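Structure first, then comments.
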Amino acid sequence: MNSRIAAVDVGNDSIKAIFGELEYELNIPNIVGIDTEDRPVIGIEELNNKNPLEGIHIKVHSPALKENNAIYRVGHLATKSDNATELDPGSAKSEEDQTLIMLFATLALDAVNEENSNTFPRVKNVIDANYTLGTGLPLREVKEGKDAGYRSKLVGSVHQVEFLVTPKYQGLKVNIKFNEVKIYPEGFAAYINLVMDNQLKIINKDLIDKRIIIQDIGGLSTDIAVIKNRNVDDDKAQGFNLGVSESLEAIREEIRSKHAIELDSRRDVVEIITRKNDRNHIMVKGSRTSVHDITDRILLELAKKQYRLLRNVWQKNSQTEICYFVGGGANVLKEYIKTLNNNLDGYNIDFFEDEKESIWMMANAYYKLITDFVRKSEKSKPSQEPVKK
């Protein structure tokens with residue numbers, strides 16, 4: 001059975017996934033909304049001219065789910081839903097149905113891709129897809145041993161995604177099975193990405209034996225990994241329930257009450273504070289209006305909390321040489337943290353100037369790790385030599 005490599009980072013803001021020989025990637029907002037069987041669509045003929053990613057409408061059947069056989073809008077389509085849910089602070093990624101729904105939806109979207117018709121068998125409208133999955137969980141959850149439970153939910157069962165009113169894929173069903181599932185702690189993955197290329201060759205020689213802190217700021221949590229002797233120091237590594245989501249929510253709320261402007265989701269807030277032109281401005285009744293006062297106050301508050309976390313961890317690991325800030329949250333807070341650092345303690349800190357690199361860092365790391373795992377397991381198989389006649 002052909003198994004296809006999938007490296008999936010179920011981020012709190014969006015899912016980043018890399019497939020196969022790096023030939024396909026997906027990025028989908030991590031938002032789901034419970035829905036009905038036949039959502040109203042204007043003009044079914046036009047449906048197939050639309051981008052499937054704009055209209056992900058699925059039914060998910062899996063023994064791993066608490067809510068089995070429910071129907072969901074996923075990603076962009078869910079942002080327009082009245083009952084859309086984004087993950088809540090304090091929730092465990094490994095225990096939420098939403099994590100699995102996003103994971104299965106992403107794999108199903110890869111499986112139905114025309115280019116995979118040779119990889120996965122298809123009978124009528126059912127595709128059987130088999131994946132070797134590399135993914136991750138926050139350090140905190142791995143330390144609590146939740147990775148084992150999460151893995152066992154995935155392995156050994158068939159998970160079915162049925163596309164309902166989705167452009168191009170309506171009526172297709174995908175049965176997903178896992179050949180193997182590897183779950184990595186997120187902080188360690190960031191380190192792998194810093195020092196190794198896709199062939200796991202060391203690219204960053206000067207970093208490899210340094211004592212490094214990696215502060216990964218996500219939507220709902222912050223992971224701080226302490227690296228020495230090329231390993232994550234498990235006792236020192238910490239996870240905190242502090243991410244950017246609550247602050248984004250607070251900004252959204254204040255824009256609503258002050259300017260009577262309704263933003264669809266936290267992603268809209270991120271767009272306002274990170275875009276190149278017209279940063280921190282919104283349109284109010286057609287005129288360009290600054291929301292700088294709101295964003296600055298709320299984000300500076302969060303940056304101070306993040307800085308406090310760094311200071312506490314650095315105090316306990318005084319021989320640290322550098323701290324890297326990674327993740328989507330670091331991207332949002334970059335300027336504020338830099339300003340604080342310049343005015344205060346002046347630690348040796350660094351950010352990834354390449355926004356894409358910062359956001360795709362986890363998915364890239366899982367890809368490196370899972371392909372390495374596949375390479376090693378293929379090497380250890382007894383080779384099938386043809387018998388000479």
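What you see is a predicted model, and the numbers here were worked out from it, not measured in a lab. Count residues from 1 along the sequence.
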Ionic contact status for [Y] with [X], cut-off 4.0 Å:
X: Arg266; Y: Asp13; result: no
X: Arg275; Y: Glu271; result: yes
X: Asp278; Y: Arg288; result: yes
X: Arg256; Y: Glu262; result: yes
X: Arg151; Y: Asp147; result: no
X: Lys146; Y: Glu95; result: yes

Heavy-atom side-chain proximity of [X] to [Y] below 4.5 angstrom:
X: Phe163; Y: Lys59; result: no
X: Leu77; Y: Ile56; result: no
X: Leu263; Y: Ile255; result: yes
X: Ile127; Y: Val112; result: yes
X: Leu369; Y: Ile192; result: yes

Between the main-chain N or O of [Y] and the side-chain N or O of [X], is there a donor-acceptor pair closer than 3.5 Å?
X: Asp223; Y: Leu139; value: yes
X: Ser157; Y: Leu154; value: no
X: Lys93; Y: Thr99; value: no
X: Asn280; Y: Ile273; value: no
X: His76; Y: Glu54; value: no
X: Asn317; Y: Val313; value: yes
X: Thr289; Y: Ser287; value: yes
X: His281; Y: Arg279; value: yes
X: Tyr367; Y: Leu22; value: yes
X: Asn175; Y: Asp128; value: no

Could you tell me whether the side chains of [X] and [Y] share a donor-acceptor contact shorter than 3.5 Å?
X: Glu180; Y: Thr132; value: no
X: Gln215; Y: Thr222; value: no
X: Ser14; Y: Asn27; value: yes
X: Arg4; Y: Asn179; value: no
X: Thr79; Y: Asp264; value: no
X: Asn30; Y: Gln98; value: yes
X: Tyr336; Y: Asp296; value: yes

To the nearest 0.5 Å, what is the distance between [atom1] ([X]) and [atom2] ([Y])?
X: Asn348; Y: Ile322; atom1: CG; atom2: CD1; value: 4.0 Å
X: Met102; Y: Thr106; atom1: CE; atom2: OG1; value: 5.0 Å
X: Lys177; Y: Phe120; atom1: NZ; atom2: CZ; value: 12.5 Å
X: Glu25; Y: Ile18; atom1: CD; atom2: CD1; value: 6.0 Å
X: Gln238; Y: Ser221; atom1: CD; atom2: OG; value: 13.0 Å
X: Ser247; Y: Arg252; atom1: OG; atom2: CZ; value: 14.0 Å

Sole candidate of Lys153, Gln160, His159 that passes side chain to side chain donor-acceptor pair (under 3.5 Å) when paired with Ser62: His159
I'd like to know whether Thr119 forms a side-chain hydrogen bond (donor to acceptor under 3.5 Å, both in side chains) with Asn2, so could you lay out the CA-CA distance, the side-chain angles of the two residues, the decisive distance to 0.1 Å, and finally the verdict. CA-CA 6 Å; Thr119 313; Asn2 279 344; 5.5 Å; no
Would a single hydrophobic cluster contain both [Y] and [X], if residues Ile, Leu, Val, Met, Phe, Trp and Tyr are joined by side-chain heavy-atom contacts under 4.5 Å?
X: Leu100; Y: Leu109; result: yes
X: Ile31; Y: Val10; result: no
X: Leu164; Y: Val126; result: no
X: Tyr150; Y: Val158; result: no
X: Met283; Y: Val291; result: no

Locate the shortest heavy-atom distance separating [X] from [Y]; write the atom from each residue and the value.
X: Thr320; Y: Trp314; answer: O-CZ2, 3.5 Å
X: Ala105; Y: Ile58; answer: CB-CD1, 3.7 Å
X: His61; Y: Asn68; answer: CA-OD1, 3.2 Å

Between Phe325 and Phe351, how do the two ring planes meet: parallel, tilted or perpendicular, split at 30° and 60°? parallel
Check the orientation of Tyr366 and Tyr184. Use parallel for under 30°, tilted for 30 to 60°, and perpendicular for over 60°. parallel
If you apply the rule side-chain contact (heavy atoms from CB on, under 4.5 Å), what do you find for Asn331 with Val326, and how did you get there? CA-CA 7 Å; Asn331 204 25; Val326 303; over 6 Å; no
Do Tyr131 and Phe178 pass the ring pair (Phe, Tyr, Trp, His ring centres under 6.0 Å) test, and can you show the C-alpha distance, the side-chain angles, and the key distance before you say yes or no? CA-CA 5 Å; Tyr131 286 96; Phe178 294 101; 7.0 Å; no
Checking salt bridge (charged side-chain N to carboxylate O under 4.0 Å, His left out) for the pair Asp293/Arg297: CA distance, chi angles, key distance, verdict? CA-CA 6 Å; Asp293 53 332; Arg297 191 184 71 254; 5.7 Å; no
